[in-house]
Protein chains: 2
Amino acid sequence: MAMSREQIMSTAIQHLNENPLASMAQLAEAAGISRATLHRQFSSREELMLALGRRAHEQWEQVQERSGVVDATASGDPEVIGKALDAMLAGLIEVADAYGFGLTDYAMLVNPELKRRSDELEEREIAFYAAAQQAGVLRADLPARWISNTVYGLLVAVRESLRRGDVARRDVPRLLLTTYLHGAARREES
Amino acid sequence: MAMSREQIMSTAIQHLNENPLASMAQLAEAAGISRATLHRQFSSREELMLALGRRAHEQWEQVQERSGVVDATASGDPEVIGKALDAMLAGLIEVADAYGFGLTDYAMLVNPELKRRSDELEEREIAFYAAAQQAGVLRADLPARWISNTVYGLLVAVRESLRRGDVARRDVPRLLLTTYLHGAARREES
DNA sequence: ACCGTATGAGACATTCATGTCTCATACGGT
DNA sequence: ACCGTATGAGACATGAATGTCTCATACGGT
């Protein structure tokens, strides 16, 4: 096998990030294989997209796990929650950058299985944000779901910033963190 | 004429906001007209999309004008800039809500004419943000382009919040403003 | 009532992506 | 060197969306 399933998925994602409307023929070409071989690995476009979506969700889930979101939610400890929040956002940047097109791809968002999985992961995050509010880490006067959507939107902003070359990759975590937590306004006090 | 060009465009946008992949046949049906009539008004799908994109950009431009962004940029007065910022964000919410799908529609973002126009409008906003930083309204330690992309991302968040019914429409301006300016973290001082 | 115009229904050709299949060949392991 | 397997090239059928065209009809103004 010249190209493993994994390798094909990698090149497909890269190419889809540049052109979300890429055809199977273009994705095959991007992977350096023929249409026939691509179809031997993924029997349909939908299957390929589903595989990409699953991998993205796995990584999203791993970010939640590695940053200890669930434990932090249960702990209620501001210190623990704060650290988990930082770690989660840093991890989400990686995933959003790697799977950028999936953030706003309609076919992806509409797939029943993927929708179910993202709903689950989102609910965990929302519970986490609510705990963060309870613990005094996040403002309590914002709906937790709004906070969740805000993070989503900022990840879209990250994707665009990187795609357009507006900010350096190494600056992104700091920019996202500080903007998300403290806003864009100049602090009166300080 | 049962349906004016404007009316067709309105129903088309509504329908595209629900299903960005809607076909011309579906858009015609949504407008209550036949495919033939739709094609008499817009000779191709591309022409329809271009018309929608133009209208969205016109409204975006009007928001900039009505909120006095350019004058505020030139003035350098923190007071004036602050008011213009509030007004602009409130206006952008309306546009983003109305033309939601266009925020992330690839075909729309890729059209040369529309890309040119949005680049122009963005540059004005970036200049405005830079002036806001100069005037001490916005933090000076963030790249103006990052701030601009942040606003874009938050508008996507607004669209999603409204589409999913996570927040009440009347709460959106306040939520966006306060999140954007002050962030999601609980303020230490107060 | 009449006439010009806009409309709807539908047929039609075209294009494009998709998925299937065949066959020759190149490659890898034994 | 041989054989089994994976691959590439390409033909093929299919389906969907698009854009064009025709023709009958309904509507509106005079």
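To find a chain, count down the sequence lines: A is the first, B the second, and so on, and within it residues start at 1.
Put simply, CG on Leu27(B) is 11 Å from P on dA17(D), counting in whole angstrom units. Rounded to whole Å, the distance from CD1 on Ile33(B) to P on dA9(C) is 11 Å. Rounded to whole Å, atom P of dG15(D) lies 21 Å from atom CG of Leu21(B). Between Arg45(B) atom CZ and dT14(C) atom P the separation is 23 Å, expressed in whole Å. The distance from atom CD1 of Ile8(B) to atom C1' of dA6(C) is 12 Å, rounded to the nearest whole Å. As rounded to whole Å, 11 Å separates atom C1' of dC16(C) from atom CD of Gln26(A). As a whole-Å value, the separation of His39(B) NE2 from dT18(D) P is 7 Å. Residue Gln41(A) contributes atom CD, which lies 11 Å from atom P of dG8(D) at whole-angstrom precision.
Under the side chain to side chain donor-acceptor pair (under 3.5 Å) criterion, the residue pairs touching residues 88-105 of chain B are Arg55(B)-Tyr99(B), Gln59(B)-Tyr99(B), Asp97(B)-Arg169(B), Thr104(B)-Arg159(B), with sequence neighbours excluded.
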Please write out the pairs of protein N or O atoms and N or O atoms of nucleotides 21-29 of chain D separated by less than 3.5 Å, giving the distance to one decimal.
none

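Taking 4.5 Å as the limit, some side-chain heavy atom of Ile147(A) sits within range of a side-chain heavy atom of Tyr180(A). When side chains are defined from C-beta on, Lys115(B) does not count as touching Val110(B), because their heavy atoms never get closer than 4.5 Å.
In terms of polar N and O atoms assigned as donor or acceptor, the side chain of Arg35(B) comes within less than 3.5 Å of the base of dG19(D) in a complementary pairing.
DNA chain C contains the following stems of three or more consecutive Watson-Crick or G-U pairs, with both distances under 3.5 Å: C:1-30 with D:1-30.
Ion pairing between Arg117(B) and Glu61(B) holds under the 4.0 Å rule for side-chain N and carboxylate O. Ion pair Arg54(A)/Glu47(A) not flagged as a salt bridge, since none of the NZ, NE, NH1 or NH2 atoms sits closer than 4.0 Å to an Asp/Glu carboxylate oxygen.
OP1 and OP2 of dA9(D) both lie 4.0 Å or more from every side-chain N or O belonging to Ser34(A).
Between the side chains of Arg45(A) and Ser23(A), not a single donor N or O lies within less than 3.5 Å of an accepting N or O.
Closest approach of Ile81(B) and Ala135(B) over heavy atoms only: CD1-CB, 3.6 Å.
Glu123(A) CD: more than 12 foreign heavy atoms inside a 6.0 Å radius. Gln134(A) CD: 12 or fewer foreign heavy atoms inside a 6.0 Å radius.
Nearer the 5' end of DNA chain C, as judged by each residue's closest nucleotide, is the contact made by Thr37(B), out of Ser23(A) and Thr37(B).
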